[in-house]
Amino acid sequence: MSKPFLAVIPDFITDDLKPEREILGDIAEVVALGAHSEEDLVGKIDNADVIMLYHDVSLTRRTLQRLVRCRLIVRGGVGIDNIDHRFARERGITVANVPDYGSEEVADTAIAMVLALARGVHLMNSRLRSGDGDWHYHHAVPLVRLRGRVFGVIGLGRIGSAAALRAKALGMDVIFYDPYKPDGYDKALGIRRVESLEELLGQSLVVSVHCPLTEETHHMIGAAAIASMQPRSYLVNTARGGIVDIAAIPDAIASGRLAGAGIDVLEVEPPSADHPLMVAWRDPKHPAHERLIINPHAAFYSEEGLLDIRTKSATACRRALTGLAVRNVVN
Ligand code: NAI
């Protein structure tokens, strides 16, 4: 029996679609395309009534103008930088996100990267496994005590706040820079606000990036910003690749400006094998080999979180298709 609606999952989810079908199956055909580029969507998405988008493809004007009956695009995640949401609004298509599925996991990953770097865990494990040198902590010298050191949060939203609370639990002195946060969150969380990015970069032993990718934040942390950080500091980015200009990282590690970096997100995912960052990271002779941790945009992931995104995305679609108000509209 044909169903009245078509729900399309363009990318990322390619399994049996059980969570989505449990919620939408009685009213919509649910189809996953497994696309890796916008071209892969041509001819397959135009009749969608609702779309559940992840982060392997972008929906630009090119695709959006072909959608003939779409009511809702729900981004299974927080960042909406891969949808031209303004153009979607012009076309009468609502865009929503799912802000409440993985804040804790992303904050945990940021802290995991900080601890693995700042406690020398990653470096010593890499060295010892390769049989390089003595069975001794000397490999990681000098490591400094984290208690009392400054942990700088860029973007005090859901994830930035969760990271701040975790850093506080480590005894760190937490500061944040977020020009859009109303006053008072410093009091609520027991942390300090700084008024400029420069202040944050200059004071922090650890800089953790938690703002969205926007025109304003694109390459906000590049060579000049890193040069203004403290000597032997740490940079962690679990937000979006485009915020940090990763080309600056290998030299910053080689010069000792950065004692380490943790990167969950890259501007192009997966990166090309000949990107200078990847070359340095793979090269056992480059200091970045053991001082740089790279993950494949995995900070959000836990079994529970992934199920949350899928059921919340499908629930938003059901609400849109049955004429109910949709939550977390971003356009
Ligand atoms: P949120 O919207 O709660 O917080 C973002 C904060 O950044 C807001 O307080 C905002 O005022 C602030 N901000 C905006 N522009 C800024 C600027 N120019 N400078 C400093 N702060 C600025 O978002 P949430 O849920 O905390 O997520 C943060 C980011 O993490 C998302 O935008 C997304 O890109 C990324 N993310 C990454 C995941 C991963 O798997 N690696 C998973 C989920 C989110």
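Start at 1 and go down the list; that is how both ligands and their atoms are numbered. Note that the numbering runs from 1 along the sequence shown for the chain.
- With hydrogens and angles left out, the side-chain atoms of Ser272 and Asp274 include a donor and acceptor closer than 3.5 Å.
- The protein residues lying under 4.0 angstrom from ligand 1, judged by non-hydrogen atoms, are Val78, Tyr101, Val106, Ile154, Gly155, Leu156, Gly157, Arg158, Ile159, Tyr177, Asp178, Pro179, Tyr180, Lys181, His210, Cys211, Pro212, Glu216, Thr217, Met220, Thr238, Ala239, Arg240, Asp264, Val265, His297, Ala299, Phe300.
- Using modelled atom types, one finds a donor on one side chain and an acceptor on the other under 3.5 Å when comparing Thr63 with Glu38.
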Q: Take Glu216 and Thr214 through the side chain to side chain donor-acceptor pair (under 3.5 Å) test and state the conclusion after the steps.
A: CA-CA 5 Å; Glu216 187 188 7; Thr214 61; 4.5 Å; no
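- At a cut-off of 3.5 Å, with distance as the only test, no side-chain donor of Glu90 or His85 sits close to an acceptor on the other residue.
- Annotation: salt bridge (Lys or Arg N to Asp or Glu O under 4.0 Å) contacts of Lys181 (sequence neighbours excluded): none.
- The aromatic rings of His55 and Phe12 sit tilted, their planes meeting at an angle between 30° and 60°.
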